[in-house]
Every structure is written in structure tokens, then in C-alpha cells.
Amino acid sequence: MDVTTTFAIVALITGFAAFLYWAFSYHGAWLIPTLKKWLFTTDHQRIGLMYIGIGILFFFIGGIYAILIRTDLGVVQGLGMDPQTTLGITPDVYSTLFTMHGVLMIFMFIMPTLAGFGNYLVPSMIGSREMALPRINAIAFWLLPPAGVILILSNAYAGWTGYVPLSIETFGPNPYGVDLWILGLHILTISSMLGAVNFLVTIVKHRAPGVHYWNMPLFVWATLINSVLLIFALPSLSIGLTMVLSDRNFGTHILAATNGTPLGGALLYQNIFWFFAHPEVYIMVLPAFGIVSTIIPKLARKDIFGYGAMAIALGAFAVLSFAVWEHHMFVTGIATNVRFVFMLATMAIAVPSAVKTFNWVATLWGGRIWMAIPMWFCVAFITGFVIGGLSGLLLASIPIDYLYHGTYFVVAHFHYILLGGTLMAIFAGIYFYFPILTHRWYNQKLGQIHFLLTYVGVNVLLFPMFILGAEGMPRRVYTYLWTGNFQALNFLSSLGAYIFGIGQLVFLFNMVYSYYAGEPVSTSDPWGEELPSTMTGPAPTPLPSRAPLPVPIPTAAPVAPAAEAP
């Protein structure tokens, strides 16, 4: 252990001890009851808020890894410097950076945050007092913090996919990194399975009288289908990780061949992993669909357009998501007829995506739209999801995938779905429910600045990656050839990352400041028809009444001439 590490550990322990002394000496009468109220709670709303809180924490931690990656690729190399001598980023360090960035963002930010919205909203939306299994709900949450710590300490180096043979090999400076990484993911898998079973039982068995499947809110539909996806997909991940763990520690050679050419094992692992990981993409998107489908009708003052079609589209996602995993393996040499079937299935999944996009736009059409911050993020979600979806449709084509599979085009596609889509929906949900939860308005100007920095930053960050991929820049590399405009585009992309990062600092300040000093909410429904004058955006005005139709003037019925007397 070097001097720097020793000093860091001593400083951490000293700071923690000083915090405990300050907390219990001066605030013990308030702190202890508050800690008991939150640490031992089984209340679904508090657990939901803790899910969202830990998700936001790891959003910033995972963002630090991303900023380091973009600093290497865009700033250091974009300005012609050497990343190893400037930042100390070697190939091994870079592998750790992008492994930890991907794992933390997916498993410790997106999934917990969306689970938090589910915990907070689902019981009240179906008229239930609590989740079906409150203690299991608390256990599922408290598995997250240790799993997150284990993942960070692992410093794994095998990529977020953990492909073999790299994940089976032992890296000298970090021989147990992948083992810790697998342990953390196993804990997270148990947490997600417990949460999925809890949601499923709650929605199926704990609906209030009068709440049926065809009048449930779409967010409840999304959570229900999301839970089914988790229950069927997560075992595949556990199986693959257990095989890797067994090969690493017990010499089983399930995935690693004894002759030193583990091609069959590599393909077996890819099949097992992507059978989980592609449904995982929709696990990270379906609750976002539900959030957007809740906010848009409320702020457009209209019922959702095509409720039945929207619910059926969610179910179509669930079915088709298990039929497309091989499109991640088009370049591995699998049979052409197999690739053709998966190409068609991948293109078919664009149909429910188009249905949902059309229905959101149709809901907005003709509505009395309140362009508050949540609506801004909903519109941003639609645009980001459309760009990500259309680029995915290109990658579904086998010839195009052959060209773009190993390039930054795929990175841009995937991040447009999650950053331009899911993240925008999460921010829309936070801004929408903040005044309901805290009874205070967020600061409008700061909210607008956050949206603009986020939206501009995401597009400046990701769109150059499409061009880089089309020009042939490979992904998963810590350096690249100085050819064409690679440096300029990477510098532009990194500039977008910095703009995006600054926007998230504005968001964090806005939430903390508004919680204590925000303008009080004066109505029981902050998003009702009576709009506060301080809110930005045109207040919805009543629809113009039609001119009354002219009332016909009654006229005397014609009198038939009297018959002449004979």
C-alpha cells in the first residue's frame, strides 16, 4: 500500500468520525429519529425516494468516468497530446473507465431510478395502500448500496458486457476485479428479482375495486410488463456470470476451451448475455414510456390518444425483445438464414415504437399545452427516442451492421436511446413530481437553463459519433489514428459532454435550493387548470366556444282549407 492510498484512507476515516461527532453532539435529538424513520421504513413512497436518490448519486459517479473518457478522446488527443503521458490513461485504465461507466449507469442509475418511480407511483395509481410485500421491498432497496460499493471497488476491466475470454483472464494489478464485479451484479440481480415479483403481485392482486387492466394508467402497464421482462431475462445474466466465475476460480472450462482457442465459449457467452441484455434495453425504456405517457396528457389537457394501442404496443415490446438478441452477433459468422430471421424481428420492433410515438404526437395535437419544464423534457424524449430508434433500424440491416457494428455509430445509437430518451423522461418525472412531493416549485430559470444545457449537450455529445462511426472510428479504444477529422469530431463530442455535465450541476443546485427556498405550491393539484402566474409558458385558455346556432322561429302550421258544405 503506497503513501497516497494510506493518506486517503486515514483522511476518509477522520472525516467520517468528525461527521459523526458533529451530528450526534449537536443534532442527535433530530438525527436519530430521522435516521430510524428512513433506515427502517417499509413505506413505498420513502423507499421510492431512496431509490431515486441513490440513482442520482450514481448518475454523478458514473458521469465522472464518462468525463474522463471524453477528456482522453476529445481534449487530450483532440489537441494532439499523448493520453498516457498527459493523463496516465493506458489501455488497461481506459478499459476500467468504460467498464465502470457502463455498469454504474445501467445497473446503479437507470434501473434504480425507474424502480423508484414505480415504488412511489404504482400503489397509489391502483388504489393500494402499500406494496404487496413491504419488507421484501425494503430488502430489495438495501441490497443496492453494498452492491454499488462492491462494483466501484472492483475496478473491473472486461467491459460492461464481460465478454470472454477477456473476463476469464487474470489481470495482474487487479486479479480479483472481475470476481468482485460478478458479486456486485449477482446482488443487484437478487434486488431486481425481488422488486419485479413485488410489483407483479401488487399490480395483479392489490388493485382497488373498479381498477381493471383496461383502465389502469399506462405507467402501471409499463411497470407490469417491465416486471415480467425482468423475471424472464435476469436468470440468463446470472447463468452467464456464474459460468465466468466458475471458469475463473474452479477450472471448469465451461466457456474457456482447454486448447487455448475459446471461440465456442465466447459465442456461448454472447448468446447467454444478449438474451438478457437486449430485453434489458426495454427494461430501461418501458418505465420511461410510462412516465411520458402520464405527463403529456396532463399538460396537454387531453386524454392519451389510443390507450388500447399504447398498452398493446407495450406488450409487443415485451414479446419481440426476446426475439432480437442475435442482431448483436451478426458479425460473428452465424448462419445467414438465422441472421435473416433476426433482422426481420428487429425491424418488426420498430412498429410498436412508431405506434407509441404517433400516439404521443397525436395527444399533443390540438391540446391546450402548458409548456412547463416537464413538457420540454417530454418533447426532448420523443426527439431523442426517434433518432435512436431510426439509427437502430439502420443497424438491423445486416449489410449496414457489417460496416457499423464495431464503430462509434453503435455508441451513438445506444446512448441516444438512454441519454436522449430515458434520461429525458427521468428528468421530466422529477420536475413533474417535485412540486407534488415537496409542495414547492422549482426555480423556473434554473430549470430552463438545465434543460437547454442538457438538450444541447446531449446532441453535441452524441451526433458527432454518428459521423465518426460512418467514417470508421472503432469503439472501445483508448486512442485512434490521426486521420480525417477524427480529432475535430472527438473534440466537439467532448465539448458536448462538458456542456451536459455543467447542466447537471445546475439541476442539482436547483433541486436542493428549491427544496428549502422554492415558492410554495398554493393548490392541491400543482398541474391543474389554475396556473400560477410565476410559471413559464402560455397558460392554457378555454377553447373558443362555438357561436350558438340560430334558433328557428316557430311558424304556424298551414291550415287546410275547410271543406265546402254539401
Side-chain angles (χ1 to χ4, degrees), residues 44 48 110 113-128 131 195-196 199-200 202-204 206-208 210-230 279 281-321 349 351-365 367 369-370 374-375 377-382 384-386 389 417 421-422 424-433 436 525 527:
H44 71 95
I110 293 180
T113 304
L114 294 176
F117 278 102
N119 269 275
Y120 189 81
L121 296 174
V122 165
S124 58
M125 283 184 169
I126 63 174
S128 175
M131 295 287 286
F199 279 124
L200 198 61
T202 302
I203 296 172
V204 172
H206 284 243
R207 299 190 310 274
V211 179
H212 306 292
Y213 287 113
W214 290 107
N215 63 5
M216 294 191 310
L218 286 172
F219 181 80
V220 180
W221 265 111
T223 305
L224 175 66
I225 296 172
N226 195 59
S227 301
V228 174
L229 285 177
L230 282 167
V281 173
Y282 294 94
I283 289 167
M284 294 186 288
V285 170
L286 287 179
F289 290 165
I291 293 172
V292 171
S293 299
T294 301
I295 297 173
I296 286 181
K298 181 68 174 180
L299 296 185
R301 314 306 186 199
K302 284 179 63 181
D303 289 336
I304 192 75
F305 182 88
Y307 170 89
M310 294 282 271
I312 293 171
L314 290 170
F317 279 120
V319 175
L320 291 174
S321 66
I349 210 167
V351 175
S353 300
V355 168
K356 299 192 72 61
T357 303
F358 171 80
N359 284 15
W360 288 322
V361 174
T363 304
L364 292 171
W365 187 266
I369 302 172
W370 182 1
M375 181 60 82
F377 278 105
C378 287
V379 175
F381 166 85
I382 295 174
F385 181 70
V386 167
I417 294 292
T422 301
M424 297 297 179
I426 289 173
F427 282 138
I430 291 174
Y431 278 104
F432 186 79
Y433 289 103
I436 297 173
D525 182 6
W527 303 108

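Atom SG in C378 sits 8.5 Å away from atom CG in L364 (nearest 0.5 Å). Rounded to the nearest 0.5 Å, atoms OG1 (T422) and CD1 (I283) are 12.0 Å apart. Separation of atoms CD1 (I291) and CG (L114) is listed at 5.5 Å; rounding is to 0.5 Å. The CG atom of L314 lies 6.0 Å from the CG atom of L286; values are rounded to the nearest 0.5 Å. A distance of 7.5 Å separates OG1 of T357 from CZ of F381, quoted to the nearest 0.5 Å. In this structure, NZ in K298 is found 15.0 Å from OG1 in T363, a value given to the nearest 0.5 Å.
Residue N215 qualifies as enclosed at atom CG: its count of foreign heavy atoms under 6.0 Å is above 12.
For an aromatic pair to be called close, the ring centres must be under 6.0 Å apart, and F117 with F219 fails this.
Without hydrogens or angle criteria, K302 side chain to W365 main chain gives a donor-acceptor distance under 3.5 Å. Of the possible polar contacts, one joining the N359 side chain to the G306 backbone as a donor-acceptor pair under 3.5 Å is found.
Of all non-hydrogen atoms in H212 and R207, the two that sit nearest each other are CA-NE, 4.2 Å. The two atoms that bring M284 and P287 nearest to each other are C-CD, 4.5 Å, heavy atoms only. Scanning both residues, G48 and N119, for their nearest heavy atoms gives CA-CB, 3.6 Å. Heavy-atom minimum distance, A425 versus A288: CB-CB, 3.6 Å. Shortest non-hydrogen contact noted between V122 and I203 is CG1-CG1, 3.8 Å. Between A313 and P352 the shortest heavy-atom distance is O-CB, 3.7 Å.
A heavy-atom distance below 4.5 Å is not found between the side chains of F199 and L230. Counting heavy atoms from C-beta outward, M424 and V379 have side chains that stay 4.5 Å or more apart. Counting only heavy atoms from C-beta outward, the side chains of W527 and P374 approach each other to under 4.5 Å. The shortest side-chain heavy-atom distance between I382 and I296 falls under the 4.5 Å cut-off. A heavy-atom distance below 4.5 Å is found between the side chains of V285 and F385. Within the 4.5 Å cutoff, no side-chain heavy atoms of I295 are placed close to those of M375.
S293 is linked by a side chain to side chain donor-acceptor pair (under 3.5 Å) to W360, counting only residues two or more places apart in sequence or in another chain. With sequence neighbours left out, the side chain to side chain contact (heavy atoms under 4.5 Å, CB included) criterion links T202 to I126, M131, A132, N198, H206. V228 pairs by the side chain to side chain contact (heavy atoms under 4.5 Å, CB included) definition with L200, F232, not counting sequence neighbours. The side chain to side chain contact (heavy atoms under 4.5 Å, CB included) test applied to I312 returns W214, not counting sequence neighbours. The side chain to side chain donor-acceptor pair (under 3.5 Å) check on Y431 picks up H450, with sequence neighbours excluded. In this view, Y307 and W221 satisfy the side chain to side chain donor-acceptor pair (under 3.5 Å) rule, not counting sequence neighbours.
Ring planes of F377 and F427: tilted class, angle from 30 to 60°.
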*asked:* Run the side-chain contact (heavy atoms from CB on, under 4.5 Å) test on V204 and L224 for me, step by step, so that the C-alpha distance in whole Å, both residues' side-chain angles and the decisive distance to 0.1 Å come before the verdict.
replied: CA-CA 9 Å; V204 172; L224 175 66; 4.3 Å; yes

